[in-house]
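Only one structure is covered here, and it is reproduced in the block below.
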Amino acid sequence: MLRLHDTATGTVRPFELRDPGRVSMYVCGPTVYEVPHLGHGRFTLVFDVLRRYLTFTGLQVRHVSNVTDIDDRIIQRAAREGRTEPEVAAEYEEKWWEAMDALEVLRPTVVPHATGYIPGMVALVADLVARGSAYETEDGVYLQVDTVDGYGLLARQPLESLRAGARVEASELKRSPLDFALWKKAKPGEPTWSSPWGEGRPGWHTECVVMSLHLLGDGFDLHGGGQDLIFPHHENERAQAVAEGRPFARHWMHNGWVTVEGEKMSKSLQNFTTIADLLAGGDPRAYRLLVLRSHYRRPIEVTPETIATAERGLARLDALARRLSLVDPLAAGVVVRDQAIAAAPDGVEEDSVTRFCEHMDDDLDTSAATAVVFDLVNRAHAAADDGDGSTARRLGGTVALLCGAVGLRLRGELEAPDERTQRLVDDRDAARRERDFARADALRDELVAAGWTVEDGPDGTVVHR
RNA sequence: GGCGGCGUGGCCGAGUGGUUUAGGCAGGGGCCUGCAAAGCCCCGUACAGCGGUUCGAUUCCGCUCGCCGCCUCCA
């Protein structure tokens, strides 16, 4: 049974599903006005790992993640660049999926776009007004926060304390600085939709509550995102649902952020790296492994050094995969535990699978779970050294299974050397047979300089990169 | 001001009231190798500080210090 930290209670507690066997999860997706950076990479990887693991254990997962395609920043960018908002949104959404695909983050089951749900948002806002939870002003419609029971649950602060700390300038139009916009009345030149309050557009918090409830239903299982969404975004989503009298997310999960030299990666600090930049420099799997090696609620430092360390870990996995000719666990798609165990050609070590799952079930302790995998790697190599091929293959098969559970691809197959490289390899083998080591070493230097790793095995030289 | 998180061996990073280790990376020694690479074996007596509880605390409690974050858009 999976236990997960729940932001609403501040405790790790059982992840109890609304419908047995089926998981409904909503993860706040991107606002498409800029290219994704490593912070986006982390949250998508964290929730991808969760989703894959849930699937691994045999659950059916419905994963909804939105695209916010109308927003102040999109409008600003469009105005600045002399383009339309849909053009800007389309461009950055495309870049988003490119990055997700490269990271091997599974596409959500459903990807709602905010602009596709405007009528539902208008209806929600109208109902909140009718119920007396919201009020209209000159510039929009606001939720009156002090009408909502338990406002501050996710922030884990009472209303008074939030109010005292509010740094927003109190607008004369709002009854409280904490009241937030459900509907923004149009300013000249902005894209608009019709509503009982005139032309305008929905507030961000309204988008997500409407889409999540529409696509997953009342009392869906999990709502997630980065820790910076806890307040006000998720608090405000929840407030609307509460004001409507509708059960909202049963469980709230938030991941820690990416830091750079100890500070949060963010646009304002100008310390962000885009996913595209990361991928240009190396193996996309390294970021996944880096994420797996820490706990999802902890900050992670993502730098060239930490990525390089993860790449060495990856090299260790790949070396085993090559040695034992392990099949990439993801070649056939998402891995489901019982099916994969049944299909494993050499069996699996079920003890390790059990331990792996115990760690994962403990609030996704991926770091400890990953340690189980590396321990298997070690033992598989040792067994192979001892000439115990069947044990080695069984342990190796378990490595593949568990890597697959968290979406980590293994690269066992070698990149085929090009013709020129193969000639160098052949020449080197010949030189070694003739014990012309000076020539063999020179050829090796040449191969290494071209980026190949040279390994002399019992069957001759093998190169890979 | 309010609220929260964190502080583990050279680095990253789990975990635990006490006899036995996370794991990875880096480093040292050995094996293997023509030399390497990959791999294997061996090697580190760490838990911010100060008190308290306890037979015993890195692990529980309190305080102190330090770092980070949220209370504004933010993954």
Proximity to RNA chain B (any heavy atom under 4.0 Å), residues of residues 364-380 of chain A only
A:D365, A:S367, A:A368, A:A371, A:F374, A:N378
Apply salt bridge (Lys or Arg N to Asp or Glu O under 4.0 Å) to A:R238 and list each qualifying residue two or more places apart in sequence or on a separate chain.
none
Say we look at B:rU53 and B:rA57: how far apart would their P atoms be, to the nearest angstrom?
11 Å
Trace of the side-chain hydrogen bond (donor to acceptor under 3.5 Å, both in side chains) decision for A:T206 with A:Q240
CA-CA 8 Å; A:T206 299; A:Q240 293 169 82; 2.9 Å; yes
Contacts to RNA chain B from residues 226-239 of chain A, heavy-atom cutoff under 4.0 Å, which residues?
A:G226, A:D228, A:L229, A:F231, A:P232
According to salt bridge (Lys or Arg N to Asp or Glu O under 4.0 Å), who are the partners of A:R51, at least two apart in sequence or on a separate chain?
none
When the C1' atoms of B:rU58 and B:rC47 are considered, how many whole Å apart are they?
4 Å
Hits for salt bridge (Lys or Arg N to Asp or Glu O under 4.0 Å) against A:E263, two or more places apart or cross-chain, chain-then-number order -> none
What nucleic acid atoms does A:R322 come within less than 4.0 Å of, heavy atoms only: base, sugar-phosphate, or nothing?
nothing
Using a 3.5 Å limit on both pairing distances, list the dot-bracket string of RNA chain B from the 5' end; Watson-Crick and G-U wobble pairs count, crossing pairs take [ ], interstrand pairs take |.
(((((((..(((.....[....))).(((((.......)))))....(((((..]....))))))))))))....
How would you list, by chain and number, every residue that makes a salt bridge (Lys or Arg N to Asp or Glu O under 4.0 Å) with A:R107, sequence neighbours excluded?
A:D101
No-H, no-angle donor-acceptor pair, A:D71 side chain to B:rC73 base, under 3.5 Å:
no
Need one value for A:H37: base, sugar-phosphate or nothing, where a base atom within 4.0 Å counts as base even if backbone is also close, heavy atoms only.
base
Ordered by number, residues from residues 433-445 of chain A within less than 4.0 Å of RNA chain B (heavy atoms) are A:R435, A:F437, A:D441, A:R444
Are more than 12 heavy atoms, taken from residues, nucleotides or ligands other than A:E94, located less than 6.0 Å from that residue's CD atom?
no
Where the side chain of A:E455 is concerned, which of B:rG39, B:rC70, B:rA38 is the nearest nucleotide?
B:rA38
Between B:rC40 and B:rC6, how far apart are the two C1' atoms, rounded to whole Å?
38 Å
Could you write nucleotides 2-7 of chain B as a row of B, S and -, 5' to 3', where a protein heavy atom under 4.0 Å of any base atom gives B, of only sugar-phosphate atoms gives S, and otherwise -?
BS--SS
Mind checking what makes side-chain hydrogen bond (donor to acceptor under 3.5 Å, both in side chains) contact with A:E349, not counting sequence neighbours?
A:S352, A:R379
Which residues satisfy the ring pair (Phe, Tyr, Trp, His ring centres under 6.0 Å) test with A:W252, sequence neighbours excluded?
A:H223, A:H234, A:F248
Contact residues, residues 44-54 of chain A to RNA chain B [heavy atom, < 4.0 Å]:
none
Say you pick atom C1' in B:rG66 and the same atom in B:rA14; how far apart are they, in whole Å?
23 Å
